[in-house]
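Input: a single structure, listed below in C-alpha cells.
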Number of protein chains: 2
Amino acid sequence: MPASERYPEPAISVDVVIFTICEGALQLLLAKRQRPPHQGKWALPGGIVDLREDLDTSALRHLREQTSLTGVYLEQLYTFGNPSRDPRMRVVSIAYYALTPAARLSAQINLEHNRLRWFTFTTRPNLAFDHDAIVDVARQRLAAKLAYSTIAMQFLPERFTLPDLQNVYEIILGRAFDKRNFRKHVLALDQIEETGEERRLGNHRPARLYRMKRPGQVEVIK
Amino acid sequence: MPASERYPEPAISVDVVIFTICEGALQLLLAKRQRPPHQGKWALPGGIVDLREDLDTSALRHLREQTSLTGVYLEQLYTFGNPSRDPRMRVVSIAYYALTPAARLSAQINLEHNRLRWFTFTTRPNLAFDHDAIVDVARQRLAAKLAYSTIAMQFLPERFTLPDLQNVYEIILGRAFDKRNFRKHVLALDQIEETGEERRLGNHRPARLYRMKRPGQVEVIK
DNA sequence: GCAAAAGTGTTCCAGATACACCCATGT
DNA sequence: ACATGGGTGTATCTGGAACACTTTTGC
C-alpha cells in the first residue's frame, strides 16, 4: 500500500547551512532562488529527500549537486516543521550544518552563474522561508560546540598555525583571547601536534605548523 | 497541487522518550504494539504527524492521547530517517524526549489495559523499530544537559528537598556526589530558594523544602 | 633598524574536590 | 537510646584569567 493511500503526507527536505571562515569573518554559502516562492531571494542549499535515501546522504548529495562541495564536516542540526513554513505545501525540513576550510572555496566552487554566493554572517540578506531562523540556530550550535569539542579545526586545512586556530575562536565567539592562555589551553588538550614545519608569510617571524592527531575526527573534550 | 502528485512522499512521525525517576531508577514509559510490524513488542509512544500540525504540537498530542500525560517538559531530540527503519514504508521520525515528576504517574496514567508500562532504563526489553537507538541518544542528551542546565528539576515536584535533587543527578549520571559539595554547588547557582517548609518523612530529621525561582523554565547555567 | 606578527612564564583567583561530625525525628 | 537520613565548614587542588617582553623575519 503506497504512502499516499494511507495518510496525507508532508514532504521532507534537507537544508544545509554551510559555514566557512574567510577574510576574518564567518561566512555562509547561499543560493539564489530561481523560482517562486521567494524567487530572487537567497536561501540555504538543500532539497527534497529521495524516497530511499538516508537523511545524511541526502544532505551530502544536495550539497554536492548544488555547490560541488564534498568531504565537509556535516552534522544534523534541528528539524523545522512549522506547517506554514513553505507556502506551497507542508514541508518538514531536517536542517544540517556543514563546515569547510576556506582554502577549498576557490578550488571547488565556481559560483556558477552567480546563483551561489558567500555572505558574511552579519551582513547576509534576509533569507527565504524560515532560513533566517535555521541559520541562527546553526550559529548558536557552532558557538556552543567550540567550547567542548575540536570542531573548530574543521575550518582549517590539514596543517595550520596556532594563530589560525585562535582566529577561528575569536571570530565565532566574537571576543579576543589571550595568546599565551590560548596556546596553553589547546596544547593541553593533546589533540594537535607540531609538524616540524613553519610557514613564512610576511615581514615577521614564521609560525609553526600543527596538525590534528586524529584528522577529521571531532572529539568531545574536557 | 497535492503533495502526492509531485514527489513520492515519506511519512512523518514523532516518537517520544518519556523519562521519570521513580524508586531510585531512571524509568521510561513504553507502549506495547497491538499490530504488526513488531506486534507485541514494546515501543515508544508516538505516531503520524497531522498535515497541518506543528511537530512539537504533534508530540504533545500523541503523548496526551496515548498516555494522558500533559504539562511535561518536552524537547526535540534528533530526527531518524534510515529508509529501512520501518518495514512497511519510508517513515522519518522526529524523536522527542519528555521529563515528568514521578508523582504524576499514578494520578494521570491508568496504564490502560496493560498497553502501557514503565520500565527501568537498564532492564527495559528490546524495543520495536530503531527505538533502542532513540532511547540511547535520549539518555545521552539527558546526561549531558544535567551538567549545564536546570533540567534535573523537571523530574521533581514543585517543592523538593536537596537530597531529592541530588538523587536525580546520581541516578542519571550513575555516580555518587558529596552531599556538602552538591548543596554548595546548586545553591550557588541561585536557581532555587527555600520555601520555609519542611518535609517530615521517617525516623529522622526533616528535610527543608525548596522551589525553583523560575518554575518550569530550564535555564542554561555556568 | 624598524615594522609586524610569533612565541614564551608566572602570579592570582575562583571553582571543584576531599573529608567527618552533629542534628532532628520516630519508634 | 538508637537508628535513620538531614545538615554543616575547612583545607587543598586545579584550571582559567591577567599580564609584558623577546624572537624572527622581510623590507
Side-chain angles (χ1 to χ4, degrees), chain A residues 21 23-24 143-144 146-150 152 156-157 159-171 173-211 219-222, chain B residues 21 23-24 102 143-144 146-150 152-153 156-157 159-171 173-211 219-222:
Chain A
I21 287 188
E23 295 172 3
L146 281 195
Y148 64 88
S149 78
T150 58
L156 298 175
R159 288 172 302 167
F160 55 89
T161 69
L162 293 188
D164 286 344
L165 185 58
Q166 184 171 347
N167 261 325
V168 173
Y169 277 82
E170 294 184 339
I171 288 165
L173 298 178
R175 60 200 173 89
F177 291 90
D178 178 84
K179 206 196 307 183
R180 286 163 290 190
N181 293 339
F182 182 82
R183 299 169 77 89
K184 230 183 311 173
H185 177 71
V186 299
L187 292 174
L189 295 178
D190 196 36
Q191 295 289 330
I192 63 177
E193 60 192 2
E194 292 193 26
T195 63
E197 301 162 304
E198 294 186 330
R199 178 205 287 165
R200 270 169 301 285
L201 186 66
N203 313 345
H204 54 82
R205 178 170 176 174
R208 293 184 194 161
L209 286 165
Y210 291 78
R211 73 166 80 87
E219 313 261 348
V220 173
I221 52 185
K222 270 184 298 185
Chain B
I21 287 188
E23 295 173 1
L146 282 194
Y148 65 87
S149 78
T150 58
M153 297 173 199
L156 299 175
R159 288 172 303 167
F160 55 88
T161 70
L162 293 189
D164 286 344
L165 185 58
Q166 185 170 347
N167 262 325
V168 173
Y169 277 82
E170 294 184 338
I171 289 164
L173 298 178
R175 61 198 172 90
F177 292 90
D178 179 84
K179 206 196 309 184
R180 285 163 292 190
N181 294 338
F182 182 83
R183 298 169 77 90
K184 229 182 311 173
H185 177 72
V186 299
L187 292 174
L189 296 178
D190 196 36
Q191 296 288 330
I192 63 176
E193 60 192 2
E194 293 194 27
T195 64
E197 301 161 304
E198 293 185 332
R199 178 205 287 165
R200 270 168 301 285
L201 186 66
N203 312 345
H204 53 82
R205 179 170 176 173
R208 293 185 193 161
L209 286 165
Y210 291 78
R211 73 166 80 87
E219 312 260 349
V220 173
I221 53 185
K222 269 185 297 187

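Protein chains get the first letters and strands the later ones, always in sequence-line order, with residue 1 at the start of each.
Among the atoms of the strands shown, only primed sugar atoms or phosphate atoms (P, OP1, OP2) are found under 4.0 Å from some heavy atom of A:R208.
Nucleotide D:dG7 holds its P atom 11 Å from the CD atom of B:Q166, rounded to whole Å. Summarising the geometry, the separation between CD on A:E170 and C1' on C:dA5 is reported as 13 Å, rounded to the nearest angstrom. Put simply, CZ on B:F160 is 16 Å from C1' on D:dG6, counting in whole angstrom units. For the pair B:E197 CD and D:dG6 C1', the interatomic distance rounds to 17 Å; values are reported in whole Å. Remark: C1' of D:dG6 and CG of B:L165 are 15 Å apart, rounded to the nearest angstrom. When the P atom of C:dT27 is taken as reference, atom CG of B:L201 falls 11 Å away, rounded to whole Å. Atom CZ of A:R183 and atom P of C:dT10 are 16 Å apart (whole Å). Across the protein-nucleic acid pair, A:F182 atom CZ and D:dG15 atom P stand 18 Å apart, rounded to whole Å.
Of the side-chain N and O atoms in B:R180, none sit less than 4.0 angstrom from OP1 or OP2 of D:dG7.
When each of D:dG7, D:dG16, D:dC19 is scored by its nearest atom to the side-chain atoms of A:D178, the top-ranked nucleotide is D:dC19. When the nucleotides D:dG6, D:dA17, C:dG7 are ranked by their closest atom to the side chain of A:N181, D:dA17 comes out on top. Listed candidates were C:dG9, C:dA6, D:dG6. Nearest to the side chain of A:K184 is C:dG9. Set against D:dG26, D:dT8, C:dG7, the side chain of A:P163 has C:dG7 as its closest nucleotide.
Side-chain atoms of B:I192 and B:M153, non-hydrogen and from C-beta on, do get closer than 4.5 Å to each other. A 4.5 Å side-chain heavy-atom check between B:N167 and B:I21 finds every atom pair outside the cut-off.
Each of A:R200 and A:K179 has a nearest nucleotide on DNA chain D; the 5'-most of these lies closest to A:K179.
Using cut-offs of 30° and 60° on the angle between ring planes, the pair A:Y169 and A:F177 is perpendicular.
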Check against side chain to side chain contact (heavy atoms under 4.5 Å, CB included), B:Y210 and B:L165: CA-CA 10 Å; B:Y210 291 78; B:L165 185 58; over 6 Å; no
Derivation and outcome, salt bridge (charged side-chain N to carboxylate O under 4.0 Å, His left out), residues A:E194 and A:R208: CA-CA 7 Å; A:E194 292 193 26; A:R208 293 184 194 161; 3.4 Å; yes
Chi angles and distances behind the salt bridge (charged side-chain N to carboxylate O under 4.0 Å, His left out) call for B:D178, B:K184: CA-CA 10 Å; B:D178 179 84; B:K184 229 182 311 173; over 6 Å; no
Stepwise salt bridge (charged side-chain N to carboxylate O under 4.0 Å, His left out) check, B:R175 with B:E170: CA-CA 5 Å; B:R175 61 198 172 90; B:E170 294 184 338; over 6 Å; no
Enumerate all atom pairs, one protein N or O and one N or O from nucleotides 22-24 of chain C, separated by less than 3.5 Å.
from   : atom 1 : to     : atom 2 : distance (Å)
C:dC23 : O4'    : B:R205 : NH1    : 3.1
C:dA24 : N3     : B:R205 : N      : 2.8

